[in-house]
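First listed ligand is number 1; within each ligand, the first listed atom is number 1. Residues: numbered from 1 along the sequence shown.
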Amino acid sequence: MNNSNALPHPALIAIELFPQLFQDDVPYVGTMGAAWAPGRVNLIGEHTDYNDGFVLPVAVDRVAAFAGRARADLVVRLWSTHFSEHASFEVAGLPEIFEEQRVRLPGWACYSLGVITELARLNIAISGFDAVVHGDVPVGGGMSSSAAIEVATAQACMLFSRGGFTIGAEGATLQPLQVAALCQRAEHIASGVRSGILDQAASCLGRAGKAVLLDCRSLEYRYLPFDAPDISLVVIDTSVRRELAASAYNERRSQCEEAVRMLREIIIRDEPENRTAHAISALRDITQEQFARYGSQLPDILRRRAGYIIAEDARVIETAALLERGAVEQVGPLLWQAHAGLRDEYEVSCFELDTLVEIARRVPGVLGARMLGGGFGGCTVNLVRNDAVETLRQAVEEQYPLRTGLQANIDVCRAAGGPGSAWVG
Ligand code: GLA
């Protein structure tokens with residue numbers, strides 16, 4: 001997490017808006033500052049994070065940014081340009097007064113409140129501040145706009161607390177993955193979704209031109225090259241958002257836990273000599289061979305859920321090996337396979353996502369595509385030869401509205417750096 005003078009565009013906009021949106025004579029301390037954090041595109045490894053498995057995301061050149069000033073008191077006031085509304089809350093009294101503040105705040109502000117609550121739980125002293133929140137991560141679109149807000153909140157707190165704590169390399173108060181973990185907890189308390197660590201880790205670890213292979217159990221990670229000059233990372237937004245996503249997400253997680261419990265019992269019973277069976281605690285621990293042997297003993301729905309996760313973990317490892325060799329092209333077929341699994345076995349896709357993937361499949365030069373993130377709406381991720389991006393755009397613009405009655409938004413992203421902050425005078 002580097003301080004950087006290269007401010008992303010949304011930070012510049014937020015800086016410009018601040019004086020117009022916070023005009024009163026607040027007792028400010030110090031000059032203006034900006035803090036930001038990126039959204040992410042997960043190349044592969046969907047729903048594997050909370051199964052202790054592997055993920056392979058890239059942070060993208062889309063950020064959530066805060067621009068504002070530290071206050072002399074312990075109040076945080078925010079203005080969201082996306083929702084055109086203010087929100088304010090007290091820092092003093094956190095974490096105890098979290099719930100009473102959460103219930104009266106708009107959803108977007110709860111992510112910031114959650115992060116400051118988790119910082120308070122770690123006894124990290126935070127200053128109050130006023131800030132404009134502006135970003136270009138599509139909100140609710142599967143590119144982790146909420147994680148970007150959370151990680152940017154942590155950055156803003158560090159900046160405005162003026163040396164009260166630091167985030168960064170060795171010797172800092174918090175390491176990047178500690179920030180990711182506290183932001184993940186913030187997501188849980190703010191939204192009630194028992195999400196894994198993928199989004200927050202991807203945002204915290206972003207590096208230009210790189211994907212990150214993260215082991216969600218050990219939290220070890222490795223950067224892999226992701227910068228093929230003739231291949232584009234295209235994100236297409238269905239423009240569908242579904243409320244149902246949160247409860248369906250928690251349901252999938254519970255089903256995975258149930259599948260592990262059952263498989264563990266079956267393996268302990270059938271392989272009394274297998275001494276590692278007792279240590280099985282997540283789908284990560286079930287090998288493909290074991291699943292082939294015992295999977296059929298699970299109820300159908302659990303068999304399909306577990307089958308998808310076990311196959312997806314293997315696809316992540318395969319993709320990582322391909323990236324290591326610079327063979328980005330060969331990742332394509334794995335994306336098609338992942339989509340089929342998410343659609344048919346894990347059942348987190350939807351008609352609009354499937355439609356975008358089908359349209360992409362018929363465009364020569366699209367190497368692979370699949371739904372992105374938690375599912376039930378949001379975006380697809382597509383690996384596309386540069387010279388096919390325009391054809392894909394045309395195909396989507398022609399066919400998607402006809403089939404769905406909706407417009408889709410197409411965006412080309414790049415693997416970009418992680419969070420940052422800067423004083424701006
Ligand atoms: C959401 C969650 C992540 C992850 C993905 C699916 O984005 O926040 O933790 O589980 O869904 O891969």
Do F54 and Y221 have their ring centres less than 6.0 Å from each other? no
I'd like to check the salt bridge (Lys or Arg N to Asp or Glu O under 4.0 Å) partners of E46; sequence neighbours left out, ordered by chain and number. R370
Taking 4.0 angstrom as the limit and counting only heavy atoms of Y249, give me the atoms of ligand 1 inside it, by number and element. 1 (C), 2 (C), 3 (C), 4 (C), 9 (O), 10 (O), 11 (O)
In terms of its nearest heavy atom to atom 9 (O) of ligand 1, the top option of D49, V348, I197 is D49
Considering both backbone and side-chain atoms of D199, is one of its nitrogen or oxygen atoms within less than 3.5 Å of a nitrogen or oxygen in ligand 1? yes
Which of the ligand 1 atoms, numbered from 1, are nearer than 4.0 Å to a heavy atom of S195: 2 (C), 8 (O), 9 (O)
Would you say the ring centers of H47 and Y308 fall short of 6.0 Å from each other? no
With respect to E46, determine whether any N or O atom, backbone or side chain, lies less than 3.5 Å from an N or O atom of ligand 1. yes
Per-atom contacts of ligand 1 with G196, taking only distances under 4.0 Å to non-hydrogen atoms: 9 (O)
Are a donor atom and an acceptor atom from the side chains of T404 and T355 found within less than 3.5 Å of each other? no
If we count only N and O atoms by modelled type, under 3.5 Å, do the side chains of S146 and E187 hold a donor and an acceptor together? yes
Check for me whether R253 has a heavy atom closer than 4.0 Å to any atom of ligand 1. no
Less than 3.5 Å apart, any donor N or O on the side chain of D215 or S218 sitting next to an acceptor on the other? yes
Polar contacts were defined as any N/O atom of the residue lying under 3.5 Å from an N/O atom of the ligand; does this apply to G373 and ligand 1? no
Pair R194 + E257: basic N to acidic O under 4.0 Å: yes
If the cut-off is 4.0 Å to any non-hydrogen atom of Y50, which atoms of ligand 1 fall inside it? 10 (O)
What do you reckon, does R40 have a nitrogen or oxygen under 3.5 Å from a nitrogen or oxygen of ligand 1? yes
